[in-house]
Every structure is written in C-alpha cells, then in structure tokens.
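Okay, so here's the structure we're looking at.
All values reported here derive from a predicted model rather than from experimental measurement.
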Amino acid sequence: MQTPETTPTENKRHLLTVALEDYFQVGAFRGMISRGQWYRFETRLEQNTDRVLALLDRYQIKATFFALGWIAERYPELIRRVADHGHEIASKGFYHRGIRHMSAEEFRDELGRSREALEQASGRKVLGYRLADGWLRPEDLWALDVLAELGFAYDSSICPLGRRFVREPWRRFAHRHSTSAGAIWEFPISCARILGWQVPIAGGNYFRQFPQSWMRRAVARWDRCQPAPLVMYF
C-alpha cells in the first residue's frame, strides 16, 4: 500500500484490496460451520481468484490481497500465484476470527502463525494486516500496538461506521497511529457522511446493496474532494 497522496486528483492513487477467503469461512456461518468442518466443503477459492487475477491484469491494476494463514497452508501455490502477478500479500489472521474472540496473547500468536504461513507460501515479506471478522472499535485499538510491536507496517481494520470514532474524525482517513513500539499506518475503509452518520462507500455488502448510482457519486466526490486515498475492498 502507498502512503496518502496529497497531489491533485489526476495524480492520486487509491487502494484496492481483496479478501482472499472461501465462502464457508465467513463470520455469518460461524454458528453453523466450525473450523474443524472446513475441509468437508467444496472450495471455490481458486477459480474465483483466477478470475480476479485475469480482471486485474486486463486493467493493469495492482491490489493488496488480505489472505488467511489457513489458506496459505493448504493452497500455497495459489498465494504464490497472486504474488507472482505482482500483487501484495497481507495477513487476515490464521482463522477467520474477530478481535473480540481472542485475548491479546491469542491475537499475537495468530499474527505470527499467519505471517509465517503467508511468507513461506508467497516468498514475500508480509507488512500489512486486516481483521478477518468485524472492524476495530475505539476500545480495540490495543491491537494496533501489538501489530507495531511485531513489525507490521500498516493495518486496515478500521471502518468508521455510524458515529464510531466521532470524537476522532481524523481516523476516517489514512493516518499514522503512535504506539510505544513506534508508529504504524492505518488505512480505514472509506465512508461518506450522511445526516451526521458515516456510511461505507467502497466495499463488501454495502457496495452490493446500495444503489450503484449513489455509490458512483459518493466515490467520485471522495476522489474530487479528499486528499487521502479511497480504500475499497471486495
């Protein structure tokens, strides 16, 4: 990922990110499908990743792929293929877990295990992280301290939904977060303000469910008015 651009719109770079995970691993299925049963499901990961790689090649776009360590251990050739196409490999933890399902020590262990698996599979150094399930709340920012201690260069786990971080409006945009171990970059998911509430405009269910015409206008307005990069994910 690049640091924030402050040049005019025509020179601005935005950030495209991809969640490299399979359909049965998402948080919505946690109560129905345990990790111990993942092996029983037909994977759709490889064919869909190849489609994404072809699309990105067609438009000459480079992206950051946030991947699970579990994926790297079982499909190392897929992780290597993404890296060989020139895309960045970053961590989404080892299993598909949220910060509120882990202690600080469990979080630290999962970060190490995931990074080791991803670096071994990709042959590249892993510098970034995104939480797999949910987003960081103000009370979860201790996770950024742990990431900085472990040498991660950036995180992208904040989505300032609703009135979250309303007292720290600068957290809506790419910024450096200071810790005792040094500073770490944070690249929040981009949101637009509507009637005093922050609404995500660049990713996931929001991008699929809101009217496309409204999303296009919101993204165009961000590109025109905001000096920070737009951060999108799918």
Would a 4.5 Å heavy-atom cut-off, applied to side chains only, mark R164 and P138 as touching?
yes
Atom CG in L141, atom CG in L147: separation rounded to 0.5 Å?
11.0 Å
Heavy atoms, side chains only, cut-off 4.5 Å: are R113 and E73 in contact?
yes
Does a sphere of radius 6.0 Å around CD in Q212 hold more than 12 heavy atoms from other residues, nucleotides or ligands, not counting ones at 6.0 Å or beyond?
no
Which atoms form the tightest heavy-atom contact between S190 and V231, and what is the distance?
OG-N, 2.8 Å
Any side-chain heavy atom of L56 sitting closer than 4.5 Å to one from L16?
yes
Does the structure place the NZ or CZ of R115 under 6.0 Å from the centre of the six-membered ring of F152, at an angle of no more than 45° from the ring's axis?
yes
Has the side chain of R97 got a donor or acceptor atom that lies under 3.5 Å from a matching backbone atom of H101?
yes
Cluster overlap F66 with L55, hydrophobic side-chain contacts below 4.5 Å:
yes
Interatomic distance, I201 atom CD1 to M215 atom CE [nearest 0.5 angstrom]
6.5 Å
Has S157 got a side-chain atom pairing as donor or acceptor with L136's backbone, closer than 3.5 angstrom?
no
Looking at R80 and A121, what are the two nearest heavy atoms and their distance?
NE-O, 3.2 Å
Enclosure of E116 CD (heavy-atom neighbours >12, cutoff 6.0 Å)
no
Might you point out which heavy atoms bring R130 and I189 nearest each other, and give the distance in Å?
NH2-CD1, 3.5 Å
Applying the 4.5 Å side-chain criterion to the ILVMFWY set and letting contacts propagate, would V166 and L195 be lumped into a single cluster?
no
A quick test of your reading: do over 12 heavy atoms of other residues, nucleotides or ligands sit less than 6.0 Å from CZ of R167?
no
Under 30°, 30 to 60°, or over 60°: which ring-plane class applies to Y154 and F187, parallel, tilted or perpendicular?
perpendicular
Would L78 and R81 count as a side-chain contact (heavy atoms from CB on, under 4.5 Å) if you check the C-alpha gap in whole Å, the side-chain angles of each, and the deciding distance to 0.1 Å?
CA-CA 5 Å; L78 180 63; R81 190 151 71 244; 3.3 Å; yes
Quick check for you: to the nearest 0.5 Å, what is the distance between L15 atom CG and K62 atom NZ?
15.5 Å
Just wondering, do R124 and D84 contact through their side chains at under 4.5 Å, heavy atoms?
yes
Rounded to the nearest 0.5 Å, how far apart are OG1 of T17 and NZ of K92?
8.5 Å
Min side-chain heavy-atom separation S114-Y129 under 4.5 Å
no
Would you call H177 and R171 a side-chain contact if the rule is heavy atoms closer than 4.5 Å?
yes
Tell me whether the count of non-hydrogen atoms from other residues, nucleotides or ligands lying under 6.0 Å of CD in Q60 goes above 12.
no
Straight-line distance of S91 OG to L131 CG, nearest 0.5 Å
10.0 Å
Do T49 and L53 touch side chain to side chain, with heavy atoms closer than 4.5 Å?
yes
Counting N and O atoms only, with roles assigned by atom type, does the side chain of E21 sit under 3.5 Å from a partner on the main chain of H96, one being a donor and the other an acceptor?
no
Can you list the residues that meet the salt bridge (charged side-chain N to carboxylate O under 4.0 Å, His left out) rule with E119, with sequence neighbours excluded?
none
Mind telling me whether F210 and Y206 have parallel, tilted or perpendicular rings, with 30° and 60° as the class edges?
tilted
Step by step, would you call F65 with L118 a side-chain contact (heavy atoms from CB on, under 4.5 Å)?
CA-CA 11 Å; F65 283 68; L118 291 165; over 6 Å; no
Ignoring hydrogens, what is the shortest heavy-atom contact between A148 and T179? Give both atom names and the distance.
CB-OG1, 3.4 Å
Residues, nucleotides or ligands: over 12 heavy atoms within 6.0 Å of E106 CD:
yes
Not counting sequence neighbours, list each pair that qualifies as a side chain to side chain donor-acceptor pair (under 3.5 Å) and has a residue in residues 193-204.
R172-Q198
Taking every non-hydrogen atom, the tightest pair across W70 and R74
NE1-CZ, 3.0 Å
Would you indicate whether R216, at its atom CZ, is surrounded by more than 12 heavy atoms from other residues, nucleotides or ligands within a distance under 6.0 Å?
no
Do D109 and M102 pass the side-chain contact (heavy atoms from CB on, under 4.5 Å) test, and can you show the C-alpha distance, the side-chain angles, and the key distance before you say yes or no?
CA-CA 10 Å; D109 290 345; M102 292 181 281; over 6 Å; no
CZ of R221: more than 12 outside heavy atoms within 6.0 angstrom?
no
Minimum-distance pair of heavy atoms, taken over all atoms of H175 and W185:
O-CE3, 3.4 Å
Does any non-hydrogen side-chain atom of I79 lie less than 4.5 Å from one of L20?
yes
For D223 and L230, what are the C-alpha separation, side-chain angles and deciding distance, and is it a side-chain contact (heavy atoms from CB on, under 4.5 Å)?
CA-CA 7 Å; D223 181 59; L230 181 90; over 6 Å; no
